[in-house]
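To start, the structure under review is shown below, and the notes come after it.
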Number of protein chains: 2
Amino acid sequence: MHKLDESLLSPLPPFSKLGKTQIRTILDQATSRRIESGAAVFHEGALAERFFLLLDGTIRVVKTTADGEQVTSIHIPAGQLFGIAKALSRTTYPATARAASEALALSWPTTLWDNFVTEYSGFATETYKTVGDRLGELNTRVIEMSTQHVEQRIARALLRLISQSGRQVEQGIEISFPITRKDVSEMTGTTLQTVSRLLSSWEKNGLVTSKRKKIIICNPHQLAILGEA
Amino acid sequence: MHKLDESLLSPLPPFSKLGKTQIRTILDQATSRRIESGAAVFHEGALAERFFLLLDGTIRVVKTTADGEQVTSIHIPAGQLFGIAKALSRTTYPATARAASEALALSWPTTLWDNFVTEYSGFATETYKTVGDRLGELNTRVIEMSTQHVEQRIARALLRLISQSGRQVEQGIEISFPITRKDVSEMTGTTLQTVSRLLSSWEKNGLVTSKRKKIIICNPHQLAILGEA
DNA sequence: CGGCAGTTTGATCCCGGTCAAAATATGTGG
DNA sequence: CCACATATTTTGACCGGGATCAAACTGCCG
């Protein structure tokens, strides 16, 4: 393992208040790992022996139901902590984390968690902010699923994705990792057929462009309007 | 305000590790308040100036959508903390808390939060366990809404209610606070008509009994089976 | 150039929402 | 204690959004 640079961590919220030496210590305790696209970082129900920081890529957090259906609960963008079961005093991971595209993550043994919380000022606050954000996101998911139609849910899901992991390209803003119709359906509680039909019709109206595993939003504003009604 | 007894807090998880004097101090800083049925304890978006402990009754946490629809995100049973925006480093309450029946709560100014966390061992851990549980509950809500039919969602919602706030009565287990068809529909993302139809049909099969604002589960086991399929 | 993973499109069906109206409780004031 | 207003529940009729089933099509990879 080659030596990690301090500039990796210093701009990230959980570590932004720390000095050079502290960051050095943290990095020296870290294990870095490359995760290939589609591979799992950890599995639902497994003992939470480590917690992670995503340096690059996107992680998809997925739950599998008793009858084998997949439901995506959130996407984690680069720069965020994940697998932080300890923060919720859980001993096992509540869901499976899978790389949506090739990803790079640091990790530390969970035994260091309490250490991080007490030693590094701002670490606890920032992680709980993340927890709070995720709670908020799940909450809006529940509300959307209770009150809105499929079209609006999908529109909003796409907008959320580009706001979190969007990349400006010529035709608009694209989702920066490969994503299929099926993936979108698992995020929104629908079927891939319905997603396909909607994307086709949106493409006809110039709202989006899509190739295989790739979605580009050409007209976010118009899509946002669709997401309300 | 009459003096509060220490035995109120000592059995509750967030305070269970504390000594008599510590509990005395905590109680002396508390304000106690009776909330009449249907009244709000705090409103969505309001500044989170206090955090609460529910001593008696049940709190319904509700969000209102832009177009005026209500969605219930969770119910809080007696003995739990709520309004703990500070734990998620939020400055405002994310939802409205309303008494489902007459309720009694203690509260403290949010400024004391950090104090509680550092002074009282186990307080932080226990509150984050609560946060974790609520995250888990929202997660299963999302999964249920994505993968299950109305009948199963309602069955499970009722089972969750009795496991959390159930009271043994002659005919079975009743939900210990007044609850209407509309309330159930707001918990499950359906309509009161559908809830009414299902309850009627379940009543025909002896699964439940219900009067106005009252639901009794006569056969939890059978209902659990319905909740799967 | 197979073969597989992903996408598209069509046809059909049914769950559960919506609209409507009546029946039943509960509460209130005279 | 009754009459009336209001909240809750029930039931019926209808219909439409999306799921489901099915089949063809299109890239992409080895």
Side-chain angles (χ1 to χ4, degrees), chain A residues 36-38 60 65 67-71 98 100-102 144-155 157-158 175 177-205 208-216 226-227 229, chain B residues 36-38 65 67-71 98 100-102 144-158 175 177-205 208-216 226-227 229:
Chain A
E36 59 185 317
S37 181
R60 201 197 309 282
T65 63
D67 50 312
E69 279 184 283
Q70 307 269 338
V71 179
R98 207 172 276 287
S101 54
E102 185 175 330
E144 289 180 2
M145 304 211 55
S146 302
T147 60
Q148 311 200 299
H149 285 187
V150 169
E151 180 171 48
Q152 335 201 42
R153 300 212 303 268
I154 295 180
L158 294 183
I175 295 169
F177 54 87
I179 186 166
T180 67
R181 312 290 184 255
K182 182 139 194 297
D183 292 331
V184 176
S185 75
E186 285 174 0
M187 299 173 55
T188 51
T190 29
T191 60
L192 70 165
Q193 291 91 335
T194 299
V195 174
S196 173
R197 275 185 247 270
L198 276 170
L199 284 179
S200 295
S201 105
W202 289 346
E203 187 146 15
K204 227 167 270 157
N205 303 4
V208 304
T209 309
S210 73
K211 317 184 206 346
R212 177 176 244 245
K213 289 192 176 195
K214 197 109 285 292
I215 299 175
I216 303 173
L226 265 188
Chain B
E36 60 185 315
S37 182
T65 64
D67 50 312
E69 279 184 282
Q70 307 268 337
V71 178
R98 208 171 276 285
S101 54
E102 184 174 333
E144 288 180 2
M145 305 210 55
S146 302
T147 61
Q148 311 200 298
H149 285 186
V150 170
E151 181 171 48
Q152 336 200 39
R153 300 212 302 268
I154 296 178
R156 287 166 176 239
L158 294 183
I175 294 169
F177 54 87
I179 186 167
T180 67
R181 311 292 184 255
K182 182 140 193 297
D183 293 330
V184 176
S185 75
E186 286 174 358
M187 299 174 54
T188 50
T190 26
T191 60
L192 70 163
Q193 290 91 334
T194 299
V195 174
S196 173
R197 274 185 248 270
L198 276 171
L199 284 179
S200 296
S201 104
W202 289 346
E203 187 145 17
K204 230 167 268 158
N205 303 4
V208 305
T209 309
S210 74
K211 318 186 205 346
R212 179 176 240 243
K213 290 193 177 194
K214 199 109 284 292
I215 300 176
I216 303 173
L226 264 188

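Per chain, numbering begins at 1; letters A, B, ... match sequence-line order. Just so it is clear, the values below take in all heavy atoms, side chains as well, and ignore hydrogens, waters and symmetry mates.
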Are any of [X]'s side-chain N or O atoms less than 4.0 Å away from OP1 or OP2 of [N]?
{"X": "T180(A)", "N": "dG6(C)", "value": "no"}
{"X": "T191(B)", "N": "dT18(C)", "value": "no"}
{"X": "T190(B)", "N": "dG16(C)", "value": "no"}
{"X": "R197(A)", "N": "dG18(D)", "value": "no"}
{"X": "K213(B)", "N": "dT8(D)", "value": "yes"}
{"X": "S210(B)", "N": "dT9(D)", "value": "no"}

**Q.** Within 6.0 Å of NZ in K214(A), more than 12 heavy atoms from elsewhere
**A.**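 It does: K214(A) NZ has more than 12 such atoms within range.
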Would you classify [X] as touching base, sugar-phosphate or nothing, given that sugar-phosphate means primed atoms plus P, OP1 and OP2, and contacts are heavy atoms under 4.0 Å?
{"X": "E151(A)", "answer": "nothing"}
{"X": "R181(B)", "answer": "sugar-phosphate"}
{"X": "L199(A)", "answer": "nothing"}
{"X": "S196(A)", "answer": "base"}

**Q.** Separation between CZ of R153(A) and CE of M145(A), rounded to the nearest 0.5 Å
**A.**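 Going from the CZ atom of R153(A) to the CE atom of M145(A) covers 4.0 Å.
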Q: Drop me the distance from I216(B)'s CD1 to E203(B)'s CD, to the nearest 0.5 angstrom.
A: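 It comes to 9.0 Å.
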Rounded interatomic separation in angstrom, taking [atom1] from [X] and [atom2] from [N]:
{"X": "L192(B)", "N": "dT18(C)", "atom1": "CG", "atom2": "P", "value": "11 Å"}
{"X": "D183(A)", "N": "dG6(C)", "atom1": "CG", "atom2": "P", "value": "8 Å"}
{"X": "K204(A)", "N": "dT9(C)", "atom1": "NZ", "atom2": "P", "value": "6 Å"}
{"X": "R212(A)", "N": "dA5(C)", "atom1": "CZ", "atom2": "P", "value": "10 Å"}
{"X": "H149(A)", "N": "dG18(D)", "atom1": "NE2", "atom2": "C1'", "value": "10 Å"}
{"X": "K182(B)", "N": "dA25(C)", "atom1": "NZ", "atom2": "P", "value": "22 Å"}
{"X": "K214(A)", "N": "dA5(C)", "atom1": "NZ", "atom2": "C1'", "value": "17 Å"}
{"X": "I154(A)", "N": "dG17(D)", "atom1": "CD1", "atom2": "P", "value": "15 Å"}

Q | Proximity to the side chain of Q193(B) - top-ranked nucleotide from dA5(C), dG18(D), dT11(D) | A |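 For Q193(B), the side-chain atoms sit closest to dT11(D).
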**Q.** Pairwise side-chain contact, R156(B) with Q148(B), heavy-atom cut-off 4.5 Å (strictly under)
**A.**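 Yes; the side chains approach each other to less than 4.5 Å.
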Q) Can you find a heavy atom in the side chain of W202(B) that is under 4.5 Å from one in the side chain of I215(B)? A)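 With C-beta onward as the side chain, the pair stays apart.
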